Amino acid sequence: MAEIGTDIAKSAKILREGGIVAIPTETVYGLAGNALDVDAIDQIFSIKNRPSHNPLIIHIGHRQQLLQYVKDIPAQAQILGQHFWPGPLTMILPRKPIIPDVVTSGLTTVAVRMPNHPLTLGLLQSIDFPLAAPSANPFGYISPTAAEHVAAQLGDRIPYILDGGPCTLGLESTIVSFQKDKPALLRYGAITPSEIEEVLGTAIDISTETSPSPLGPGMLPYHYAPGTSIRVVTDLKKSLLNCNEDRTGIIAFSRTHEEIPLTHQIVLSASADLDEAGKRLYHALRLMDKLDLDLILVERLPDQGLGLTMNDRLEKAAAKD
Ligand code: TXA
Ligand code: MG
């Protein structure tokens with residue numbers, strides 16, 4: 001069973017020797033290995049049971065390291081890096097040959113981010129290689145937002161979990177690419193498109209639609225799903241009319257519903273705050289999944305800000321059935 005602790009030196013030692021460590025970030029926990037070591041990358045894919053055509057994000061500890069791994073940084077990427085790093089922004093940039101093919105699934109680009117978590121930044125700054133880290137969940141399941149989530153699912157497959165407490169944002173990073181120097185959003189995330197547009201002063205293309213094209217290799221029709229069936233609904237009250245109240249759980253945005261037992265419901269934010277809801281969503285899905293119900297009804301969030309990110313994840317989770 002993995003040891004859980006806060007020892008940066010121990011994590012660094014395991015990683016230097018080619019091992020795998022779960023690391024905390026502000027978004028979700030990552031399953032990290034030396035991004036320059038093909039064997040470590042192979043282990044990541046096999047521990048997660050992840051298809052090899054789904055490339056990984058590399059994590060760096062200093063902005064200045066970026067040019068060691070990418071050929072060119074478009075002007076808009078410079079601006080976004082200055083503004084959002086360290087933070088929940090991943091940028092797709094042309095890779096240098098030092099990044100192995102297995103990291104990028106053979107693409108000519110690599111996904112890079114500088115995460116904002118004191119333990120992981122300390123770790124990254126104590127090693128001389130970047131960390132490739134997908135979310136630390138079995139492929140297709142919800143991303144972990146606490147060390148215990150990682151321990152429960154992958155604890156028997158890794159030696160160490162660096163425990164940085166619950167993730168402060170709780171939703172994955174926003175992914176932006178620069179095709180022909182024009183920014184495009186590839187994945188909704190913890191930074192909203194309008195925050196990016198505000199910093200750049202221009203509109204950004206949204207190209208996150210489910211597609212088999214290699215532009216967004218992670219854009220699978222389903223993903224992020226719990227084991228129990230989930231349905232995303234706009235009117236919880238109405239949807240509950242057709243459900244067996246003893247076998248149905250609900251995740252509501254801001255208020256409880258008297259139609260079903262209180263033990264089967266979770267309110268994401270009593271004050272209807274999207275940040276708070278975002279931070280709690282994955283944990284709520286995990287808790288509901290444990291109740292072993294037939295169905296989880298999740299109330300669709302407002303289509304604005306982080307609501308867009310949460311609705312994106314929920315639609316993918318619901319598409320599994
Ligand atoms: O918040 C996060 O981004 C977390 C933490 C651990 O940093 N990581 C994460 O990684 O969510 P993962 O592997 O679950 O998702 C990475 C996404 C995938 O959808 C993948 O297809 C996309 O990044 N990606 C990676 N490299 C890419 C590339 N060169 N071009 C386009 N998309 C890429
Ligand atoms: Mg993931």
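For ligands, and for the atoms within them, numbers begin at 1 and follow the listed sequence. Remember, predicted model here, so these are calculated numbers, not experimental data.
Atoms of ligand 1 lying under 4.0 Å from any heavy atom of Ala111, numbered from 1 in the order shown and given with element: 25 (C), 26 (N), 27 (C). Close approach of ligand 1 to Pro134 (heavy-atom distance below 4.0 Å) involves ligand atoms 10 (O), 12 (P), 13 (O). Interface of Ile175 with ligand 1, defined as ligand atoms under 4.0 Å from a residue heavy atom, comprises 17 (C), 22 (C), 23 (O). Taking a cut-off of under 4.0 Å to the non-hydrogen atoms of Leu107, the atoms of ligand 1 that pass are 28 (C), 29 (N), 30 (N). For ligand 1, the atoms sitting less than 4.0 Å from at least one non-hydrogen atom of Ser173 are 1 (O), 2 (C), 3 (O), numbered in the order shown with element in parentheses.
Heavy atoms of Thr104 found under 4.0 angstrom from ligand 1: none, in either backbone or side chain. Using a 4.0 Å cut-off between heavy atoms, Leu56 contacts ligand 1 through its backbone alone, with no side-chain atom that close. Contacts with ligand 1 closer than 4.0 Å are made by side-chain heavy atoms of Thr27 only, the backbone lying farther away. When heavy-atom distances to ligand 1 are checked against a 4.0 Å cut-off, Arg50 comes that close only through its side chain, counted from C-beta outward.
Looking at Ser173 and Arg187, their side chains do bring a donor and an acceptor atom within 3.5 Å of each other. In this model, no donor atom of one side chain and acceptor atom of the other lie less than 3.5 Å apart for Ser271 and Asp273. Side-chain N/O atoms of Arg313 and Ser143 include no donor and acceptor closer than 3.5 Å. For the residue pair Asn137/Tyr282, the side-chain donor-acceptor check at 3.5 Å is not satisfied.
For the pairing with Gln153, the side-chain hydrogen bond (donor to acceptor under 3.5 Å, both in side chains) check across Arg286, Glu148, Lys48 returns one residue only, Arg286.
The shortest N or O to N or O distance between Ser135 and ligand 1 is below 3.5 Å. The shortest N or O to N or O distance between Thr25 and ligand 1 is not under 3.5 Å.
Counting backbone and side-chain atoms alike, Asn137 contributes no N/O/S atom closer than 2.8 Å to the Mg ion (ligand 2).
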Determine, stepwise, if the pair Asp275 / Lys279 fulfils salt bridge (charged side-chain N to carboxylate O under 4.0 Å, His left out). CA-CA 6 Å; Asp275 290 339; Lys279 185 173 168 170; over 6 Å; no
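Atoms SG and CZ, on Cys243 and Arg231 in that order, are 5.5 Å from each other to the nearest 0.5 Å.
Among Leu131, Leu89, Thr108, Thr109, the residue whose heavy atom sits closest to atom 29 (N) of ligand 1 is Thr109. Nearest-heavy-atom check against atom 18 (C) of ligand 1 across Asn54, Val176, Ile58 picks out Asn54.
Leu169 and Leu268 fall into different hydrophobic clusters, defined by Ile, Leu, Val, Met, Phe, Trp and Tyr side-chain heavy atoms under 4.5 Å apart, directly or through other members.
Heavy-atom separations between Arg95 and ligand 1 are all 4.0 Å or longer.
Salt bridge Arg95/Asp101: present, at least one basic N to carboxylate O contact under 4.0 Å.
Contact check for Glu245 versus His264: no side-chain heavy atoms found under the 4.5 Å cut-off.
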